[in-house]
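All values reported here derive from a predicted model rather than from experimental measurement.
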Amino acid sequence: MPQPHIRPKAVCVVRRGAEILVCGAVDAVKGETFYGPLGGGIEFCEHAADAVCREMMEELGAELADVRLLGVLENIFTYQGRPGHEIVFVFIGRFADASLYERDELRWTESDGTEWRAEWLPLGHFAPGGPPLYPTGIVDLLRADSDSQDVD
């Protein structure tokens, strides 16, 4: 079993009006469906902003524009029965290609063959009682960011 470690991660919130682009996943142990913005791990000697742009290009073939940091969150969690710990740099940005906003979902396949689907959901979907949006605290960052309301 690998030694536990803290994973540095960068994610980018892309808005389409009142909606945000998220990817869903299921924790089979908890029986929980949850969502999060797209992104991934930060490589050694890579800046977080560069990592989020690289991840969006790798996953969606999409270039980001106007990327700015919203905040940094510490995410300590259990997934599939295993503990995890991430330091998450949360960015907001927009797609350089406006045609991506016309699609209701975006799909991609990871190098290991895993298929993923991202969809646009209203921020209100993640209100108390709804499915969680991780990392915890991201909804508060978005609500506190008045400029993000202008990103299409």
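Ion pairing between Asp104 and Arg16 holds under the 4.0 Å rule for side-chain N and carboxylate O. In this structure, Asp145 does not pair ionically with Arg15, as no charged nitrogen and carboxylate oxygen lie closer than 4.0 Å.
Note that CD of Glu119 is 9.5 Å distant from CZ of Arg107, once rounded to the nearest 0.5 Å. Note that CD1 of Ile138 is 9.0 Å distant from CG of Leu123, once rounded to the nearest 0.5 Å. In this structure, CD1 on Ile20 lies 6.0 Å from CG on Leu142, to the nearest 0.5 angstrom. Going from atom CZ of Phe89 over to atom CG of Leu70 covers 13.0 Å, rounded to the nearest 0.5 Å. Distance CD/Glu55 to CG/Asp50: 12.0 Å, rounded to 0.5 Å. Atom-to-atom distance recorded for Cys23:SG and Leu38:CG is 5.5 Å, nearest 0.5 angstrom.
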Step by step, work out the side-chain contact (heavy atoms from CB on, under 4.5 Å) result for Leu60 and Leu100. CA-CA 10 Å; Leu60 301 177; Leu100 293 172; 5.8 Å; no
ring-ring contact (aromatic ring centres under 6.0 Å, His included) between Tyr134 and Phe77, worked out
CA-CA 10 Å; Tyr134 293 131; Phe77 59 95; 7.8 Å; no
- Item | Step-by-step side-chain contact (heavy atoms from CB on, under 4.5 Å) determination, Val14 to Met56 | CA-CA 11 Å; Val14 179; Met56 293 296 260; 3.9 Å; yes
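Under a cut-off of 6.0 angstrom, the local environment of CD in Gln80 is crowded, with over 12 non-hydrogen atoms contributed by other residues, nucleotides or ligands.
Lys30 approaches Thr78 most closely through the heavy-atom pair NZ-O, 2.7 Å. Taking each heavy atom of Asp27 and Phe34 in turn, the nearest pair found is N-CE2, 3.9 Å. Heavy atoms only, all atoms of each residue included: Glu32 and Pro132 are closest at OE2-CG, 3.5 Å. For Val67 against Val52, the heavy-atom pair with the smallest separation is CG1-CG1, 4.2 Å. Minimum interatomic distance between Ile42 and Ala48 (heavy atoms only, all atoms of both residues): CD1-CB, 3.7 Å. When all heavy atoms of Leu64 and Cys12 are compared, the closest pair comes out as CD1-SG, 3.9 Å.
Under the 4.5 Å side-chain contact rule for hydrophobic residues, Leu69 and Ile87 share a cluster. Hydrophobic clustering, with ILVMFWY side chains joined whenever heavy atoms are under 4.5 angstrom apart, keeps Val72 apart from Ile76. Criterion: ILVMFWY side-chain heavy atoms under 4.5 Å apart, direct or through other members. Under it, Tyr79 and Trp116 are not part of a common hydrophobic cluster.
Annotation: side chain of Glu110 is in contact with side chain of Glu59 (closest heavy-atom distance under 4.5 Å). Looking at Asn75 and Lys9, their side chains never come closer than 4.5 Å, going by heavy atoms from C-beta outward. The side-chain heavy atoms of His85 and Glu74, taken from C-beta on, include a pair separated by under 4.5 Å.
Listed by first and then second residue, the ring pair (Phe, Tyr, Trp, His ring centres under 6.0 Å) pairs involving residues 37-67 amount to none (not counting sequence neighbours).
Formation of a donor-acceptor pair under 3.5 Å by the Asp66 side chain with backbone atoms of Gly93 is not found in this model. The backbone N or O of Glu58 sits nowhere less than 3.5 Å from a side-chain atom of Trp108 that would complete a donor-acceptor pair. A donor-acceptor pair is defined here as one N or O able to donate and one able to accept, closer than 3.5 Å; such a pair exists between the side chain of Tyr101 and the backbone of Phe95.
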